[in-house]
Amino acid sequence: MATGASVLDTKLTEGAGKGAKIGMAVFGVALIVGFIYAGAHLASDLAQVHSSEIMPFVLLGIALLVALGFEFVNGFHDTANAVATVIYTHSMEPHIAVVWSGAWNFIGVLVSSGAVAFGIVSLLPVELILQVGGKAGFSMVFALLIAAIIWNLGTWFFGLPASSSHTMVGSIIGVGIANQLMSVKSGTSGVDWGQATNIGKSLLLSPLVGFVGAALLLLLCKALIPNKQLYEAPKGTEPPPFWIRALLVLTCTGVSFAHGSNDGQKGMGLIMLILIGTVPTAYAVNHAITPGQTADFVAVSTQTADELGHYVDPSAVVGDSRDEVTDYIRTKNFTPNTMLAMRELVNGIGTEMALYKDLKAVPQDKVRNFRNDMYVVSEGLRLMQKSGKPQFSTADSAVIANYKKHIDNATKFIPGWVKVAVALALGMGTMIGWKRIVVTVGEKIGKDHLTYGQGAAAEITAMFTIGAADWFGLPVSTTHVLSSGVAGTMAANRTGLQWGTVRNLAMAWVLTLPASILLSATLFWAFRSLGG
């Protein structure tokens, strides 16, 4: 079997002409337009901030560079998997494939719900989220992002399709554990193990779904489409027949779109934390909410406070309502005081909304606290509905769900320029680092070269698996799903697996969680120690 390097080097030589120039030109134009768009909107948002201090803006710049650096490295791994089959089968010239994939990544990001982004954020200790503008908050953000970048770069260097999702979750767990160990006496929170378990299940099951699903799909295709061309490996540098080429481009498009709608969100929630922490005036609350929507929110708040009042114990007494609900989020221990505090917070938020009449009018010195009140109410209601304590009636549950939708709309939002910046970072990473991953996917998982049918089966399975996960707001790894899907097609084809590569992939999968936990915990401890 020809080595991966010789096959791809030949392909690159062939593609260094017109196709490569067109791809690079299109990508260059997209970069320029995208950066101008993102920079202009960021500058416009920052113009709302009236502050003589320069440090918040310095921290903002550094943090954004680190966050986009994570997405850049993410492009080495996950987005490279999306283009692996079309590049390896010569269905698209590499540079054009990357631009095409980046465009559909971007579209996927634009239509995404944001549920995955804020689902990742909800894993973080609640007090660090509420104090994200302080030293502890910045220690958290820098520790988990830098840990994820280090591990992703290391596995990419060895050509291993490791999971950026897996790495990010491990980094968050590491920060949570370190935060709890460093502040035992103050009773701070660590990891939301319930939420972490749900995400862990999705990361564990998705590769199994990819393996089995792709294997069964390939066998079904062989039974229904008995065309030998579909089950042949690429020959030389010639593209496949038109109908096979169209199929593979279609599956690449689907995986890229699904990847954008899921993986593209993972860094966005953290970028929003950075923006909220450094320039809360511009990003703590959603300025796109209209005065009409604000009036509706006030009415819904009043209705919700009245309904929650039915569940308040007459003997309940609270001091600081936010502290009481925050303790509930941290400990998951529901007490009579919890419901009284929740009702008071909901009532207070509605009263302030009625006073300001527009989220843009919230005073600069109050916007961070206003946003924090809304955040703890949203998380507290989520936990109450999840735990079943108290048992809300069907009608009251509908009122609370409607209120939570309004409050999330005001706090859980992602500006368009953030989506553009993330899509560009992913695309740049893919453009630079795709080759190592393509070699592994195309030639090092199975004993034979990847066939057209195998590539299509693996990508179709990945597309639907990632799309389903996005629907339920769960993060999954494009890398794990696609590489396990390729392995599944090799097993179904009875061509055998290269157990050395499979072992390395499995080792990367097993080691990612403990390695990223250790890295992020150590970095968090170091940053907290240095920062005081």
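On a predicted model such as this, the values are computed, not experimentally measured, just so you know.
Using a 4.5 Å heavy-atom cutoff, the side chains of Leu270 and Leu273 are in contact. Using a 4.5 Å heavy-atom threshold, the side chains of Met168 and Leu145 count as touching. No side-chain heavy atom of Thr278 sits less than 4.5 Å from a side-chain heavy atom of Tyr283. You'll find the side chain of Ile149 reaches within 4.5 Å of the side chain of Val66, heavy atoms only. At a threshold of 4.5 Å between non-hydrogen side-chain atoms, the residues Lys412 and Asn286 do not count as touching. Residues Trp100 and Val249 meet the side-chain proximity criterion, which asks for heavy atoms closer than 4.5 Å. At a threshold of 4.5 Å between non-hydrogen side-chain atoms, the residues Leu31 and Leu424 count as touching. Using a 4.5 Å cut-off on side-chain heavy atoms (C-beta onward), Asn409 and His406 make no contact.
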Please walk me through it: do Thr411 and Tyr375 pass side-chain contact (heavy atoms from CB on, under 4.5 Å)? CA-CA 7 Å; Thr411 56; Tyr375 178 82; 5.7 Å; no
Should Ile414 and Ile271 be marked as a side-chain contact (heavy atoms from CB on, under 4.5 Å) after you check the CA-CA gap, both sets of side-chain angles, and the distance that decides it? CA-CA 9 Å; Ile414 301 173; Ile271 290 175; over 6 Å; no
Check step by step if side-chain contact (heavy atoms from CB on, under 4.5 Å) holds for Thr294 and Tyr356. CA-CA 9 Å; Thr294 302; Tyr356 300 133; over 6 Å; no
After noting the C-alpha distance and the side-chain angles of Phe257 and Ile107, does the key distance pass the side-chain contact (heavy atoms from CB on, under 4.5 Å) rule? CA-CA 7 Å; Phe257 176 83; Ile107 295 172; 3.8 Å; yes
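Here the shortest heavy-atom pairing between Ala214 and Gly485 reads CB-O, 3.3 Å. Closest of all the heavy-atom pairs between Leu359 and Ala410 is CD1-CB, 4.0 Å. Closest approach of Pro415 to Met272, counting heavy atoms only: CD-SD, 3.4 Å. Contact record, Val175 with Ala143: CG2-CB, 4.2 Å, taken as the closest heavy-atom pair. Residues Val367 and Ala284 share a closest heavy-atom pair of CG2-CB, 3.8 Å. Of all non-hydrogen atoms in Ala288 and Gln293, the two that sit nearest each other are O-OE1, 3.9 Å.
In summary, the side chains of Ser171 and Ser520 do not present any donor paired with an acceptor at a separation below 3.5 Å, with no hydrogens or angles considered. For the 3.5 Å distance criterion, the side chains of Thr512 and Trp151 qualify, holding a donor opposite an acceptor.
In this structure, NE2 on His41 lies 12.5 Å from CG on Leu46, to the nearest 0.5 angstrom. To the nearest 0.5 angstrom, Thr465 atom OG1 is 11.0 Å from Leu205 atom CG. Taking CG from Leu247 and CD1 from Ile460, the interatomic distance works out to 5.5 Å, rounded to the nearest 0.5 Å. With values rounded to the nearest 0.5 angstrom, Thr281 atom OG1 is found 7.5 Å from His287 atom NE2. From Ile274, atom CD1 reaches atom CG of Leu59 across 10.5 Å, with rounding to the nearest 0.5 Å. Distance check, rounded to the nearest 0.5 Å: CD1 of Ile172 to OG of Ser516 gives 10.0 Å.
Taking the charged nitrogens against the carboxylate oxygens, Glu71 and Lys419 have no contact shorter than 4.0 Å, which rules out a salt bridge.
Here the side chain of Arg245 pairs a donor or acceptor atom with the backbone of Ser91 at under 3.5 angstrom. Remark: side-chain polar atoms of Thr251 are paired, donor with acceptor, to backbone N or O of Leu248 under 3.5 angstrom. Side-chain atoms of Thr489 come within 3.5 Å of backbone N or O of Val486 as a donor-acceptor pair. Within the 3.5 Å criterion, the main-chain N or O of Ala457 finds a donor-acceptor partner in the side chain of Thr461. Panel note: side chain Ser139, backbone Lys135; a donor-acceptor pair is recorded below 3.5 Å. Of the possible polar contacts, one joining the Asn372 side chain to the Leu130 backbone as a donor-acceptor pair under 3.5 Å is found. No donor-acceptor distance shorter than 3.5 angstrom exists from the side chain of Ser44 to the backbone of Ala40, with no hydrogens or angles considered.
Around atom CH2 of Trp104, no more than 12 heavy atoms belonging to other residues, nucleotides or ligands sit under 6.0 Å away. Enclosure of atom CZ in Phe413 by more than 12 non-hydrogen atoms of other residues, nucleotides or ligands within 6.0 angstrom is indicated.
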